[in-house]
Each structure stands twice: as structure tokens, then as C-alpha cells.
Amino acid sequence: MADITEAPEWSALADHQAALAGRHLRELFADDPGRAERMTVTAGDLRLDYSKHRVTAETLGLLVSLAERAGLRERIAAMFTGVHINVSEDRAVLHTALRLPPGEPLTVDGQDVAADVHAVLDRMAEFSGRVRAGEWTGFTGKSITTVVNIGIGGSDLGPAMAYEALLDYADAGISCRFVSNIDPADIVGTLAGLDPERTLFVISSKTFGTLETLTNAKVARQWLVDRLGDDKAVSRHFVAVSTNAERVAGFGIDTANMFGFWDWVGGRYSFDGAIGLSLMIAIGGEAFREMLAGFREIDEHLRTAPFEANMPVLMGLLGVWYTDFFGAQTRAVLPYSQRLSRFPAYLQQLTMESNGKSVRADGAPVVAQTGEIFWGEPGTNGQHAFYQLLHQGTRLVPADFIGFAEPFEDPAGMHDLLVANLLAQTSALAFGKTAEEIAAEGAPAAVVPHKVMPGNRPTSTILAPKLTPKVLGELVALYEHIVFVEGTIWGIDSFDQWGVELGKVMAMDLAPALTSEEPPSGAPDPSTAALVREYRRMRG
Ligand code: F6P
């Protein structure tokens, strides 16, 4: 595998960047007033305006050529057909199979995975329907009013983000809570005030071997048994989502109440399958399937749209453009929707666990920068916090703005103000305000430089009609595929996460030293050994 940075398309982009870097978005718009119209692409219900990027038609042509050179077309086909593109774990990468339409078979490694997916979805729908209808009752015969999902990483962030996003669709009087952290404050705070007779725990863990999840699940089980006074209560109040039936049974959960998935679904790509059980209980099987239809629409778009009009391809290539040719370190994701308040956190795992890699898929070190750092907060809160740096700081921070035309409730006409802020921000970031304009407004000369808004700060604007289940599916699939496009250009394996392992092992080695009377022997270095001693002293 040749390094992409040695390709002529890479050098062509580097030369082009040198020529374009000094040009301001004001000039690009003045030279080409039609760019706003032309640099707009739709996919499903999503409409992307990328005209406020530091690109011209030539840039886009060069980026698309880079994608062709990196074999993106072939990689897309390979992913969708189940080739083992997760090379370090020798696995297919088939989250797209989680949203195949019923009746469309997909045979991978000799198995019709689509049939397996629909069998699980049907079981989830049947179970959720019973919980929602009050037919699945707790040990004392009472219906369920709270679902507590215990999981971490992909087994938490996906359903937690989506539950919050689709709160307006939670129509069965069942609320969800999410516990993830090994910090006792998380489980203790979550259980406080819950009625054990009406609480269902969904223990979500792909491996069913994750310390945080199993520890929290044990605390929850003890809490339940202490209050209901009988071990037998566990089977009515605990269900599991996992790929590992043996460990689920070992924990004491009846595997009849286990919902499975497969090693070809990465944890961070899994909430549109069984990991979304808590979400499905809240919003119902029908709304869940609408969400899957949204995912599917973007999958089809990725597969079939020409690269020039392909939203995830364009957004992925723009990520590479700023990361590798402008030296940008981060990308802000700024949803103008309170309901998407967990979306940046969700995207952090999706993007950074996927593309935070320093070696290529063949094990050779990467030469290009990889892995954008994703971060963000909902607008307008961010405006009153960190946007100062976006507007006038020395760093280039490309940003994705996400907005919706229709709110769910708007008693005081606030929604138009929300959207006006989104639009104002992208305009100010792109065009800024010059010293002449500020002086003409009468600002004292000494203050003028402080008020200059440099502009030329690139943004994408994604608009959709409303945050429905389908639109949420579209948004998530969009970012899943952006990650894939970037990973393909960089030549990395976006589907493993070896970098999280060492810390887990070391924590288990260190844990006994924190409570022992003996001098810490497991501490790996003098600094950590001293911290262990200090911790023990402070704890008394
Ligand atoms: O530590 C990282 C990770 O492996 C994630 O990739 C995963 O989503 C999370 O832990 C939880 O893993 P599991 O679902 O197996 O408990």
C-alpha cells in the first residue's frame, strides 16, 4: 500500500493550497456569486451548504481525484459487501446491514446477516411493545415506568444521545436514564428516587466484560434485590444486550431476555441495532424503524451519489483539506438544537475512537495528520462561551452548524431567533468585518484593531426540516460515513481501538495498591507511585 502523501493528487492539493491560502472568502464570493447555489447538496432530508469553505471548483476537483486515488469507490463497495476491512481484528464492518430493508438478503462469511438483523429487531419490537403496553411487568406485577441503560462508550453514548434527541417521541410514559461512569456518583445519583418495582435495567455491553458496566450492573442488582427482597426478581428487571451469551448467563441474566448483535458491528456504530433497546422502549418500534430508514437513505446516498454531490464524501474530504493542508487541529460541531446536546459527545467517540490512529492499516506509520478532534456545544450557549476564539482567535477551527426549520414547541416565537443566530454566526465567521467598516461606524482608532473580525473562517451549514427519528438517522449515518471517508484517505483502520486497552489493564493492576497496606508495587513509574501514596494518605 503506497502512502497517499506520495500521490500526485496530494502534491497537487498542496500546491493549490499555497495559491488559495491568501484568498479571503469575501473574494471567493465576489468572484463567483453563484457559489452558494452551486455548493449546496442534498441527501435525504439534509441540505448542506458548503459554500462558506475555503475551496473553489478546482479544490473540489482535486479533492475528488484524491478520493479516487485512495480507492474510495472500491472501499465503499468493500464495506457494504462485508469484506474484512477491519484488518487488525480481521472483521467485516457492517453497521450498514443493521438498517437493510426487510427481505433484502446479505450473505457474509456464509451467513445471511440481514435475516439475523431482522430477527433481533423483531424480538426487540415485540419486547418493547410489551413493556410499553404494560404487559411486561416487574416482579410485583407493576408496569415499567423507568428504563435504566447501564453501558459505556458505544453502549451508552448512542442510546443516550438519541433518547435525548427524540424525547418528543417518547410517548409511552416511560423515561430512560443512563449510567456509564465507574464513579459511584453516577449509579447512586441515577438510582435515587427510582421505584424498584417499576424499573427495568438494560445491561448493554458488546463484550459483557467491561469493568464499568459490570460493576454498575452488580450495584443495580443488589439495589433491586435489597428492595424487592428476592433474587428471583432479577429476571423480571434485568435484560441484556450483548454479543456474549455465555457471560450474560454467567452474570445471572436469562439469555431468553438477551438481545444479540455481532462482532461486525463496532460498539460506536451499534445503537441502530440492539444497543438501541432502551431508545426503542421509549419511542416504540415504529419510530425506531423510521430512524433506520433515515440511516438507510444516507447509506444509499453514499453508495450511489457521484462524489461531487455526495454529502459524506464532500464533508470527509473537507475534513482532510483542513487537517492536512491547513493544519487545523479540531472541528467544532454546533447543533442549534437543545435536543442535540449530547450529539458532540456522541461524535467524539464515533470520530476520535475511529480515526485517532498513527499507523496505517498495513502497520506502517502514517505520514499525514489523522483524526480531527471533535468538540462542541449547542448554540446559542456556545456563542456566549467559546465563539470569541472562533471569531478572533489565532487558530483555524472549521465548524459544522446544524439547524432545523421546525421546532416541537415554540410558545413565544423563540425558534426563529435561534435560527437567526445560527445564520448570523456562519455569516460573521465567513465575512467578518474590516477595520475600515469599524472605523466608519465611529469606533475610536485605538479600539478598531480589537473589533476587527477577520472572517475567512470556514463552516458547513446543515439544515433539515425537523428533528424526527428519520432525520436523526440521516445525521448519524452522515457522520459515520464522514469518518469512513477520512479513514480511507488516510489509509487507516477506522474500526479498531487498541489505544484504549493499555489504560484498562494498568487500572486493574493499580487498583489493589490503592487500598493495600503494602507499598505500591504495581505502580509503573515513580510519579504514579508517589500519587498512589498520596491518595492513600488523603483517604486516610
Ligand atoms: O474502551 C472502549 C470500548 O471498547 C468502546 O469501543 C466500546 O464502545 C466501549 O468500550 C464499551 O464496550 P462494551 O460494549 O463491550 O462494554
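All ligand and atom numbering here is 1-based and tracks the order in the structure.
Near Q497, the atoms of ligand 1 lying under 4.0 angstrom from a non-hydrogen atom of the residue are 6 (O). If you number the atoms of ligand 1 from 1 as listed, the ones under 4.0 Å from a heavy atom of V500 come out as 1 (O), 2 (C). With ligand atoms numbered from 1 in the order given, ligand 1 contributes 12 (O), 13 (P), 15 (O), 16 (O) to contacts under 4.0 Å with heavy atoms of T210.
Atom 15 (O) of ligand 1 has T207 OG1, 2.6 Å as its closest protein atom, hydrogens excluded (heavy atom only). Of the protein's non-hydrogen atoms, I152 O, 3.6 Å is the one closest to atom 9 (C) of ligand 1. For atom 8 (O) of ligand 1, the nearest protein heavy atom (residue, atom name, distance) is G154 N, 2.8 Å.
Between E480 and R99, at least one side-chain N (NZ, or NE/NH1/NH2) sits under 4.0 Å from a carboxylate O, which counts as a salt bridge. Salt-bridge formation is not detected for the pair D45/K466: no Lys NZ or Arg NE/NH1/NH2 atom is positioned less than 4.0 Å from an Asp or Glu carboxylate oxygen. Between E300 and R296 no salt bridge is recorded (no basic side-chain N to carboxylate O distance below 4.0 Å). Between D168 and R339 a salt bridge is recorded (basic side-chain N to carboxylate O distance below 4.0 Å). We find that R342 and E164 are not joined by a salt bridge, their nearest charged nitrogen and carboxylate oxygen being 4.0 Å or further apart.
For ligand 1, one of its N or O atoms has an N or O atom of K206 under 3.5 Å away. Geometrically, ligand 1 and S155 share a nitrogen or oxygen pair separated by less than 3.5 Å. The shortest N or O to N or O distance between G153 and ligand 1 is not under 3.5 Å.
For R123 and F259, the positive end sits near the middle of the six-membered ring, less than 6.0 Å away and at most 45° from its axis.
The residue among E353, E212, K504, R268 with a heavy atom at the shortest distance from atom 4 (O) of ligand 1 is K504.
Counting heavy atoms from C-beta on, the side chains of V333 and Y479 come closer than 4.5 Å.
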